[in-house]
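These figures come from a predicted structure and were not determined experimentally.
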Protein chains: 2
Amino acid sequence: MPYISTVNVNGVRAAAGKGLLAWLAATEADIVCVQETRATDEQVAAALAPALDAGWQLSHAEPESKGRAGVGILSRRAPSAVRVGFGSSEFAAAGRYLEADFDDVTVASVYVHSGDAGTVRQDEKYRFMAELGAYLSARTGDFVVAGDWNIAHTERDLKNWKGNLKSAGFLPQERAWIDELLAAGYVDVVRQLHPEGDGPYSWWSYRGRAFDNDSGWRIDYHLARGDLAARAKDAVVERAASYDQRWSDHAPVTVQYR
Amino acid sequence: MPYISTVNVNGVRAAAGKGLLAWLAATEADIVCVQETRATDEQVAAALAPALDAGWQLSHAEPESKGRAGVGILSRRAPSAVRVGFGSSEFAAAGRYLEADFDDVTVASVYVHSGDAGTVRQDEKYRFMAELGAYLSARTGDFVVAGDWNIAHTERDLKNWKGNLKSAGFLPQERAWIDELLAAGYVDVVRQLHPEGDGPYSWWSYRGRAFDNDSGWRIDYHLARGDLAARAKDAVVERAASYDQRWSDHAPVTVQYR
DNA sequence: CTTGTTAAG
DNA sequence: CTTAACAAG
């Protein structure tokens with residue numbers, strides 16, 4: 001029943017003015033996970049005012065540091081419960097994790113650091129991965145965590161994999177972490193429904209002609225566990241949402257769950 | 001003989017793309033003083049490349065702090081000498097003063113701080129004023145200092161003078177400093193040629209409808225001394241240069257010297 | 001190449 | 001309201 005989409009909006013205030021609102025008005029999704037709102041609760045509500053007026057419910061995890069991170073969940077019906085962050089992690093209030101309970105499913109919106117190989121920001125990414133991994137592995141039941149994981153799992157998940165073997169987002173330790181999540185019972189829903197071929201990519205750099213050349217990365221996943229994973233169908237990356245005018249460097253990843 | 005213009009370009013890189021280059025290609029001025037290039041020597045040369053290719057000569061005083069200040073002099077013929085800064089001032093390398101000798105005249109391009117009443121930035125402005133005033137008062141001969149002085153001299157030099165009696169740019173101490181320069185032998189050339197009426201303003205805030213309402217300030221002056229002052233004619237503020245598309249919040253102030 | 005923050009204007 | 005630097009992406 002739930003029709004769930006996830007998209008890194010790369011600044012909700014900028015995205016709202018460029019096409020996010022139109023996309024929200026047109027989508028058939030019931031639940032939309034967003035990442036990188038880069039705004040306070042108040043600013044997000046202001047940017048999405050037309051959507052909220054049209055009935056969308058907003059749950060949001062505000063980032064501590066201004067202009068960074070920030071994740072939210074938009075839903076046609078209000079969730080029965082919302083939880084910001086996970087555990088007593090150093091990232092509890094980082095605006096990187098939010099989960100919401102709906103009648104038939106619990107949905108989380110996650111934003112993993114992009115990282116930068118060999119820097120403190122990569123160490124921070126690893127710490128986040130460790131804590132998030134422990135939290136997710138301990139969870140049971142029907143559950144889907146959708147968001148920007150900033151990790152391409154396999155060679156089929158990025159166009160130029162040979163050139164990125166030492167790049168943040170495709171490092172062995174990062175890829176192994178996705179393996180662990182799958183081993184813990186999570187299913188990469190889009191890959192399950194697209195077992196063959198490369199992609200579909202969900203992020204294209206703004207630099208050069210990356211989008212036109214489809215030189216992208218698949219770093220936005222739905223990781224579902226329990227009964228939910230088997231119910232997934234029609235997983236699509238809405239690349240076309242970016243054709244007219246790009247309103248983010250990511251495209252929505254949308255899955256229908258029966 | 002010299003036809004001299006001054007304009008605060010408010011970022012030469014932004015201005016070049018929006019109309020400064022077209023204005024330079026069309027102006028009849030022989031010497032153009034510019035302020036707030038907000039760029040290094042190299043960046044200014046790159047931004048003005050088409051103008052330099054067309055024959056304009058560039059002299060530039062690079063700001064110490066990136067993205068701030070920076071003054072230059074563009075001339076159809078190369079100056080015989082160029083001097084950056086004045087004396088051993090704390091502002092010697094601030095990118096706020098540059099003078100160049102031409103066959104028949106010495107021209108300086110100056111950029112006085114905008115200031116902020118009651119803050120350290122206002123104190124800095126006062127220190128700059130004191131040092132510049134001492135330097136200019138000691139000078140003799142034919143000489144013109146053109147630039148952004150960031151001070152409206154009298155009630156006729158800004159639209160809303162009543163509301164700005166306590167604002168930086170119209171403070172008693174600032175206005176008195178202009179009086180001192182005039183007493184030292186400098187002539188406010190535009191005012192001399194426009195003895196009646198308000199303005200002509202040379203700066204309009206980007207906020208609100210300031211430009212459309214001509215709610216501006218006259219803060220860009222040619223201060224000339226010696227024979228030169230008497231030779232001035234046809235002093236105009238080229239407000240029309242901003243009609244199509246504004247490429248700065250200031251307009252060029254152009255004077256023909258016989 | 002883009003977003004948002006910041007300082008300066 | 002705008003410029004440019006910066007940090008992050």
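Put simply, CH2 on B:Trp247 is 14 Å from P on D:dA4, counting in whole angstrom units. Regarding A:Glu124, its CD atom lies at a distance of 15 Å from the P atom of D:dA7, rounded to whole Å. Rounded to an integer number of Å, the gap from CH2 of A:Trp204 to C1' of C:dT2 is 16 Å. Put simply, CD on B:Glu36 is 15 Å from P on D:dT2, counting in whole angstrom units. One interatomic measurement links the two molecules: CG of A:Asn8 to P of C:dT3, which rounds to 12 Å at whole-angstrom precision. Here D:dT3 presents its C1' atom at 13 Å from CZ of B:Arg207, a figure rounded to the nearest Å. Rounded to an integer number of Å, the gap from A:Asn10 CG to C:dC1 C1' is 10 Å. Distance A:Gln35 CD to D:dA8 C1': 16 Å, rounded to the nearest Å.
For the OP1/OP2 pair of C:dA7 and a distance below 4.0 Å, the side-chain nitrogens and oxygens of B:Lys66 include no atom meeting the criterion. For D:dT2, the OP1/OP2 oxygens have no side-chain nitrogen or oxygen of B:Arg13 closer than 4.0 Å. Distances shorter than 4.0 Å separate none of the side-chain N or O atoms of B:Lys18 from OP1 or OP2 on D:dT2.
Applying the 3.5 Å distance criterion, the base of C:dG9 shares no donor-acceptor pair with the side chain of B:Arg121. For C:dG9, its base never sits under 3.5 Å from the side chain of B:Arg38 at any donor and acceptor pair.
The CH2 atom of B:Trp161 sits 3.5 Å away from the CD atom of B:Glu155 when rounded to the nearest 0.5 Å.
Ring geometry for B:Tyr221 against B:Trp149 counts as tilted: the plane angle lies between 30° and 60°, on a 0 to 90° scale. A perpendicular orientation is assigned to the rings of A:Tyr97 and A:Phe86, their planes being inclined by more than 60° (bins at 30° and 60°).
Counting non-hydrogen atoms under 4.0 angstrom, B:Tyr111 reaches the backbone sugars and phosphates but no base. Among the heavy atoms of the strands, none lies under 4.0 Å from B:Lys125.
Comparing A:Ala14 and A:Ser205 by the nucleotide of DNA chain C that holds the closest heavy atom to each, the one mapping nearer the 5' end is A:Ser205. Looking at which nucleotide of DNA chain C each of B:Arg68 and A:Gly208 is closest to, the 5′-most match is held by A:Gly208.
Looking at B:Leu171 and B:Gln122, their side chains come closer than 4.5 Å, going by heavy atoms from C-beta outward.
A donor-acceptor contact shorter than 3.5 Å links the side chain of A:Trp247 to the backbone of A:Ala241.
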